[in-house]
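Not measured: the values here are computed from a predicted model.
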Amino acid sequence: MPGMTDEWKLPSHDNKLKYFIRIRGFRHKMQTWRAGREVHSMPFHIGESEFSLHIYPNGDEKNNRGHVSVFIRNRNSWAVKVNVEFKIGSRICEDTFEIPVNSGLGWGEIHGHDDLLNDDDALDSEGNLDTSADISLIWEEVTGNGKKEDVDGLKSEVADLKRKIETLETNIMSKLEALENDARRKTRIACPECPVCFEEMKPPTKIVQCVSGHFICLQCRDRPEVTCCPLCKEKFTGRATGMEKYLRTIAS
């Protein structure tokens, strides 16, 4: 509330929030305010739902006068379920609430005035009170069909879907790579074969050619029984350096 509180929040997860409230002049409010008069926080969101905290310095009703009351209010047009851990001074209260539409639940007697005044962790020298609330949203009601969504369950399903998508992406990339490799093999230009050993004359094979332009590998040309081109019987003219260079180019 402007002028009465200092507030800040610390999101710790998509469905969790820690909210801090410092209420100024709380000692005076305990002593002078009537039961039912409240200090409330600014609205805040967890998930799609909006909440506010309501603190009654002298109780939310006559029966709780002389105590501090604390409630969390569901400000939505759907029901919610939350776990709340509220700290006031050295006292910590925790509970789980299923809160109907536009309603609030909490503690009517979270701390007695006498105990609070004697609590060294509660009021500062100026009578200000620091409080905090750790709030976890368990589910939000889906409007229209009354179904209750388990927020944590939905997040687990999303994480599982993400893992499946990542696995599919990996498999698809592997298959694409295999197809590309296969396409490269199919489109590879075949190297000429030696007419003697019938091996492809791939780089770095040294190649010799004859007068007619036929090719033979140097290793077969050097055999004693090979005295001329086995295809045309013409003599060899020397190394086919042009062909060797071409084959090196297409192989790179």
So, [X] side chain and [Y] main chain: donor-acceptor pair closer than 3.5 Å or not?
| X | Y | value |
| --- | --- | --- |
| Glu141 | Ala79 | yes |
| Asp114 | Asn118 | no |
| Asp134 | Lys18 | no |
| Asn15 | Ser136 | no |
| Ser41 | Glu7 | no |
| Lys87 | Gly89 | yes |
| Arg73 | Asn102 | yes |
| Ser103 | Val101 | yes |
| Asn64 | His67 | no |

How about [X]: does its [atom1] atom have over 12 heavy atoms from other parts shown lying under 6.0 Å from it?
| X | atom1 | answer |
| --- | --- | --- |
| Glu48 | CD | no |
| His45 | NE2 | yes |
| Met4 | CE | yes |
| Lys16 | NZ | no |
| Glu244 | CD | yes |
| Lys206 | NZ | no |
| Asp120 | CG | no |

Between Ser69 and Asp60, is the side-chain hydrogen bond (donor to acceptor under 3.5 Å, both in side chains) condition met? List the steps. CA-CA 6 Å; Ser69 303; Asp60 62 308; 3.1 Å; yes
Going by atom types only, do [X] and [Y] share a side-chain donor-acceptor pair under 3.5 Å?
| X | Y | answer |
| --- | --- | --- |
| Ser52 | His54 | yes |
| Ser90 | Asp119 | yes |
| Ser49 | Glu140 | yes |

Taking the inter-plane angle between the rings of Trp107 and Phe97 on a 0 to 90° scale, is it parallel (under 30°), tilted (30 to 60°) or perpendicular (over 60°)?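 Perpendicular: the ring planes of Trp107 and Phe97 meet at over 60°.
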Minimum side-chain heavy-atom gap [X]-[Y] below 4.5 Å:
| X | Y | answer |
| --- | --- | --- |
| Ile135 | Phe51 | no |
| Ile55 | His40 | no |
| Leu218 | Ile207 | no |
| Leu123 | Phe26 | yes |
| Ile110 | Cys93 | yes |
| Phe236 | Arg221 | yes |
| Val68 | His113 | yes |
| Ile99 | Val82 | yes |

Determine, stepwise, if the pair Leu117 / Met30 fulfils side chain to side chain contact (heavy atoms under 4.5 Å, CB included). CA-CA 10 Å; Leu117 291 171; Met30 287 194 303; 3.7 Å; yes
Have a look at Leu53 and tell me which of Thr131, Ile21, Val39 forms a side-chain contact (heavy atoms from CB on, under 4.5 Å) with it.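 Checked Thr131, Ile21, Val39 against Leu53; only one passes side-chain contact (heavy atoms from CB on, under 4.5 Å): Ile21.
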Decide, yes or no, whether a salt bridge links Asp6 with Arg24 under the criterion of side-chain N to carboxylate O below 4.0 Å.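 Yes, charged N to carboxylate O under 4.0 Å.
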Examine Phe44 together with Trp8 and report whether their ring centres are nearer than 6.0 Å.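 Ring centroids of Phe44 and Trp8 are no less than 6.0 Å from each other.
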